[in-house]
Amino acid sequence: MKEPIMQEWNEQIIQRAVSEHQTFALFFHTPLCGTCKLARRMLEVLVQMEPAIPLKECNANYVPSFVQEWQISSVPCIVVIERGRVVRTLYAMNSVEYLLSELRVLT
């Protein structure tokens with residue numbers, strides 16, 4: 001079994017990172033979402049190209065409090081957190097280049 005490229009975060013880890021004012025991006029997905037699978041492939045390429053980008057992932061079904069608090073309307077979704085605050089929410093996963101340009105600011 002291959003090792004996951006992005007670390008899976010649960011509600012407790014997300015809460016700790018937010019309360020510690022960390023900067024990161026969080027990829028929200030669900031297991032049966034086909035578009036999420038395509039987005040994951042693009043993000044895996046992105047992480048291989050730019051390993052310094054602090055990109056984590058979570059199953060939206062297991063973090064309902066954050067889905068509600070951050071008003072996530074659909075998956076796939078990337079929430080960009082800077083110093084513990086939501087600064088951007090991305091729903092369009094246009095291309096690896098687009099995602100790189102949006103997430104490079106986190107490095």
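Computation of the quantities below employed the complete heavy-atom set of this structure, encompassing side-chain atoms and omitting hydrogens, waters and symmetry-equivalent molecules. In this text the structure is predicted, and so the values were computed from the model without any measurement.
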Review point. Between the side chain of K37 and the main-chain N/O of P31, is any donor-acceptor distance below 3.5 Å?
Key: yes

Check your understanding: Does a sphere of radius 6.0 Å around OH in Y62 hold more than 12 heavy atoms from other residues, nucleotides or ligands, not counting ones at 6.0 Å or beyond?
Key -> no

Check your understanding: Given the rule in the side-chain contact (heavy atoms from CB on, under 4.5 Å) test, do I72 and V79 qualify, once you have shown the distances and angles that lead to the verdict?
Key -> CA-CA 9 Å; I72 295 168; V79 176; 3.9 Å; yes

Point to revise | W70/L26 under side-chain contact (heavy atoms from CB on, under 4.5 Å): CA gap, chis, key distance, verdict | key: CA-CA 12 Å; W70 294 340; L26 193 56; 4.0 Å; yes

Review point. If you take all heavy atoms of Q22 and W9, which pair is closest and at what distance?
Key: OE1-CH2, 4.1 Å

Review point. Please walk me through it: do R40 and H29 pass side-chain contact (heavy atoms from CB on, under 4.5 Å)?
Key: CA-CA 9 Å; R40 176 188 303 283; H29 62 84; 3.5 Å; yes

Check your understanding: Rounded to the nearest 0.5 Å, how far apart are OG of S65 and CD of E11?
Key -> 3.0 Å

Review point. More than 12 foreign heavy atoms under 6.0 Å from CD of Q68: is that the case here?
Key: no

Practice item. Verify the cluster assignment for F28 and L90: are they in a single hydrophobic cluster under the rule of side-chain heavy atoms below 4.5 Å apart? Key: no

Review point. Any side-chain heavy-atom pair from C58 and N10 closer than 4.5 angstrom?
Key: no

Review point. Among the clusters formed by ILVMFWY side chains lying less than 4.5 Å apart, do L103 and M6 turn up in the same one?
Key: yes

Point to revise | Any pair counted as salt bridge (Lys or Arg N to Asp or Glu O under 4.0 Å), so long as it reaches residues 71-96, sequence neighbours left out | key: R88-E102

Revision key, fill the gap. For Y91 and C77 the tightest heavy-atom approach is CE2-SG, 3.7 Å

**Study point:** Student check: side-chain heavy atoms of V87 and I81 closer than 4.5 Å
**Key:** no

Practice item. State plainly whether one hydrophobic cluster holds both M93 and L46, where clusters connect Ile, Leu, Val, Met, Phe, Trp and Tyr through side-chain heavy atoms under 4.5 angstrom apart. Key: yes

Practice item. Write down the atom of P76, the atom of F27, and the distance for their closest heavy-atom approach. Key: CB-CE1, 3.6 Å

**Study point:** Sequence-distant partners of R41, salt bridge (charged side-chain N to carboxylate O under 4.0 Å, His left out), two or more places apart
**Key:** none

Point to revise | Verify same cluster id: I78, V105 (apolar side-chain graph, 4.5 Å) | key: yes

Point to revise | Atom pair CD (Q7) and CZ (F24), whose distance is rounded to the nearest 0.5 Å | key: 11.0 Å

Check your understanding: Checking side-chain contact (heavy atoms from CB on, under 4.5 Å) against I53, which of L100, L99, V47 comes through?
Key -> L100

Check your understanding: Can you get from V67 to V75 by hopping between Ile, Leu, Val, Met, Phe, Trp and Tyr side chains that sit under 4.5 Å apart?
Key -> yes

Check your understanding: Got a sec, which residues hit salt bridge (charged side-chain N to carboxylate O under 4.0 Å, His left out) with E50, two or more places apart in sequence or on another chain?
Key -> R104

Practice item. Give the intermediate values and the outcome of side-chain contact (heavy atoms from CB on, under 4.5 Å) for residues E8 and I13. Key: CA-CA 9 Å; E8 180 87 21; I13 297 170; over 6 Å; no

